[in-house]
> 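Here's a structure for you.
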Amino acid sequence: MPDRYAVIGHPIAHSKSPLIHGLFAQATGQDMVYEAIDGGAGPGGFGRALAAFCAAGGRGMNVTLPFKLEALAAADEASQDARLAGAANALRFEGGRVLAQNFDGIGLVRDIEHNLGLPLAGKRVLLLGAGGATRGALLPLARAGAARIVIANRTATKAEALARELAPHMGACSVAGGGPEAAGAGQAFDLVLNATSASLGGEAPAVPAAAFAPGALAYDMVYGKGLTPFLQLAQAAGCARIADGVGMLVEQAAEAFAWWRGVRPDTREVLQRLTVPLV
Ligand code: NAP
């Protein structure tokens, strides 16, 4: 019997995880199946689906919206990344215990450094948005050696609170948070990350042209949307290096796969297959 894995979310039909993990399993010769589970909109759906999957011998799960917080709460043991992100995106079931991880930020860092060729050591980073994606990115960016991170969010108080909360865990990396104006004040950044959901609504968050340092990388975490308003804005500001979040998606999947199976799949082919040109 092949080992069982799944992704759970609501809605879930759009998820690329079954395709990605199916390709990883094929390439690494792992005897496993991977399905999509809709946890439903009602209360308790996630808990019931989790219990049923574990009872049926499931070995691990990816977790997507809106269950990442519930997934962390359901865990017997969680990594520091998951605890500080306040959310889990991968679970492993072992001897009746639920272990939780959050690989979103690790996947982001791996995409930037390994696939896009931008070493993060000493870099100045502007993070637009203060939701779950920003929260999950902060610690891995600091661990990779970013020198300074500024969080600029539509709702300033959320960015300020997040910076205050995570600052003690960021080592040598300084972190500050504020409203959209925090992206200005004549500062320039080597990496400008759009971690807002503005692209999903066809909008761009406020960011001044001067925020993009010469040679900067503009990265929109959303994927499959082509040249988003944020990436257009970056290009208009003279930024030549742009990327969307497809690599983050594939790399966080590879981390989960390695955590479950003990073998890290090569991501190049899967990445090529899922990439939508930025035009
Ligand atoms: P979230 O927790 O809902 O946070 C959304 C953030 O976007 C908030 O800071 C919100 O500001 C801001 N925002 C929303 N609409 C805006 C607008 N029109 N202008 C300016 N700011 C706006 O969402 P999330 O989970 O962090 O996800 C953020 C993005 O990352 C999404 O596009 C998601 O698809 C992407 N993502 C990608 C991956 C990947 O693997 N590539 C993984 C995770 C997330 P307020 O605080 O003011 O409401």
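In listed order, ligands and their atoms are each counted from 1.
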> Quick one: look up the protein heavy atom nearest atom 18 (N) of ligand 1 and list residue, atom name and how far away it is.
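Atom 18 (N) of ligand 1 sits closest to the protein heavy atom Glu203 OE1, 2.7 Å.
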
> Look at atom 2 (O) of ligand 1 and say which protein heavy atom is nearest, naming residue and atom and giving the distance to 0.1 Å.
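Of the protein heavy atoms, Gly132 N, 3.0 Å lies nearest.
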
> Does any part of the side chain of Leu166, heavy atoms only, come nearer than 4.5 Å to the side chain of Val175, both counted from C-beta?
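A side-chain contact under 4.5 Å is absent here.
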
> Does Asn194 use its side chain to pair, donor to acceptor, with the backbone of Phe230 at less than 3.5 Å?
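Between the backbone of Phe230 and the side chain of Asn194 there is no qualifying donor-acceptor contact (under 3.5 Å).
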
> Taking 4.0 angstrom as the limit, do Glu203 and Arg154 come out as a salt bridge?
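Here Glu203 does not pair with Arg154 in a salt bridge, since their nearest N and O are not under 4.0 Å apart.
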
> May I ask you to identify the nearest protein heavy atom to atom 46 (O) of ligand 1, giving residue, atom name and distance to one decimal place in Å?
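Answer, as residue, atom name and distance: Lys158 NZ, 2.7 Å.
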
> Identify the closest protein heavy atom to atom 5 (C) of ligand 1: which residue and atom is it, and at what distance?
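Going by distance alone, atom 5 (C) of ligand 1 is nearest to Ser197 OG, 3.5 Å.
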
> Return yes when at least one protein heavy atom is under 4.0 Å from atom 24 (P) of ligand 1, and no when none is.
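Protein heavy atoms within 4.0 Å of atom 24 (P) of ligand 1 - there is at least one.
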
> So is there a nitrogen or oxygen of Ala133 less than 3.5 Å from a nitrogen or oxygen in ligand 1?
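The answer is yes, given that Ala133 and ligand 1 share an N or O pair closer than 3.5 Å.
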
> Does one hydrophobic cluster hold both Leu50 and Leu72, with members joined at side-chain heavy-atom distances below 4.5 Å?
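No, no single cluster joins them.
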
> Hey, which of Phe93, Tyr34, Trp260 is the one that makes ring pair (Phe, Tyr, Trp, His ring centres under 6.0 Å) with Tyr5?
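Checked Phe93, Tyr34, Trp260 against Tyr5; only one passes ring pair (Phe, Tyr, Trp, His ring centres under 6.0 Å): Trp260.
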
> Does the protein come close to atom 33 (C) of ligand 1 - that is, does one of its heavy atoms sit below 4.0 Å from that atom?
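So atom 33 (C) of ligand 1 lacks protein heavy-atom neighbours under 4.0 Å.
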
> Going by the side-chain contact (heavy atoms from CB on, under 4.5 Å) test, name the single residue among Leu141, Val192, Leu162 that passes it with Leu127.
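The option that passes is Leu141.
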
> Under 3.5 Å between some N or O of ligand 1 and some N or O of Met221?
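Yes, at least one N or O pair falls under 3.5 Å.
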
> Looking just at side-chain N and O atoms, do Ser79 and Asp81 make a donor-acceptor pair shorter than 3.5 Å?
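Side-chain D/A pair, Ser79 to Asp81: absent.
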
> Among Val250, Thr64, Asp104, whose heavy atom sits nearest atom 43 (C) of ligand 1?
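Shortest heavy-atom distance from atom 43 (C) of ligand 1: Asp104.
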
> Taking distance alone, with no angle check, do Leu200 and ligand 1 share an N/O pair under 3.5 Å?
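N/O-N/O distance under 3.5 Å: no.
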
> Tell me which one of Arg154, Gln252, Met248 gets a heavy atom nearest to atom 42 (C) of ligand 1.
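Of the listed residues, Met248 has the closest heavy atom.
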
> Can you pull out the closest protein heavy atom to atom 28 (C) of ligand 1? Residue, atom name and distance to 0.1 Å, please.
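Scanning the protein heavy atoms, the shortest distance from atom 28 (C) of ligand 1 goes to Ala195 O, 3.3 Å.
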
> Give a yes or no on whether a salt bridge exists between Asp31 and Arg261, defined as a side-chain N under 4.0 angstrom from a carboxylate O.
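No salt bridge links Asp31 with Arg261.
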
> For Gly201 and ligand 1, answer yes if some heavy atom of the residue is under 4.0 Å from a ligand atom, otherwise no.
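Heavy atoms of Gly201 never come under 4.0 Å of ligand 1.
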
> Are Lys225 and Asp220 close enough for a salt bridge, meaning some N to O gap below 4.0 Å?
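Answer for the salt bridge query: no.
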
> Does one hydrophobic cluster hold both Tyr219 and Phe189, with members joined at side-chain heavy-atom distances below 4.5 Å?
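Each belongs to a different hydrophobic cluster.
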
> With atom 11 (O) of ligand 1 as the reference point, say which of Leu193, Thr196, Asn153, Thr157 has the nearest heavy atom.
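Looking at heavy atoms only, the winner is Asn153.
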
> Heavy-atom distances under 4.0 Å are what count here, so tell me which part of Ala204 touches ligand 1: side chain, backbone, both or neither.
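Neither part.
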
> Verify the neighbour count for atom CD of Glu181: are there more than 12 heavy atoms of other residues, nucleotides or ligands below 6.0 Å?
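Counting neighbours around CD of Glu181, more than 12 heavy atoms of other residues, nucleotides or ligands fall under 6.0 Å, so yes.
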
> Could you identify the single nearest non-hydrogen protein atom to atom 4 (O) of ligand 1 and state the distance to 0.1 Å?
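The closest one turns out to be Gly131 CA, 3.5 Å.
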
> Evaluate Val222 for polar contact with ligand 1, using N/O atom pairs at a separation under 3.5 Å.
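N/O-N/O distance under 3.5 Å: no.
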
> Using a strict 4.0 Å threshold on nitrogen-to-oxygen distance, state whether Glu94 and Arg59 make a salt bridge.
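Result for this pair is no, no salt bridge flagged.
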
> Within the structure, does Lys68 bring an N/O atom to less than 3.5 angstrom of an N/O atom in ligand 1?
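It does not: no N or O of Lys68 is found under 3.5 Å from an N or O of ligand 1.
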
> Please state whether Ala130 comes within less than 4.0 angstrom of ligand 1, counting heavy atoms only.
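Yes.
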
> Among all protein heavy atoms, pick out the one at the shortest distance from atom 47 (O) of ligand 1; state its residue, atom name and that distance to 0.1 Å.
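Heavy-atom neighbour on the protein nearest atom 47 (O) of ligand 1: Thr155 OG1, 2.5 Å.
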
> Considering only heavy atoms, which of Gly179, Pro180, Ala152, Ala198 lies nearest to atom 19 (N) of ligand 1?
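Going through Gly179, Pro180, Ala152, Ala198 one by one, Ala198 has the nearest heavy atom to atom 19 (N) of ligand 1.
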
> Within ligand 1, which atoms have a heavy atom of Tyr223 less than 4.0 Å away?
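With Tyr223 as reference, the close atoms of ligand 1 come out as 41 (N).
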
> Cut-off 3.5 Å, side chains only: do Asn89 and Asp104 have a donor facing an acceptor?
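Side-chain D/A pair, Asn89 to Asp104: present.
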
> What atoms in ligand 1 come closer than 4.0 Å to a heavy atom of Gly129?
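Selected atoms, number and element: 9 (O).
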
> Is the CD atom of Gln80 crowded by more than 12 outside heavy atoms at less than 6.0 Å?
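Result for CD/Gln80: enclosed.
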
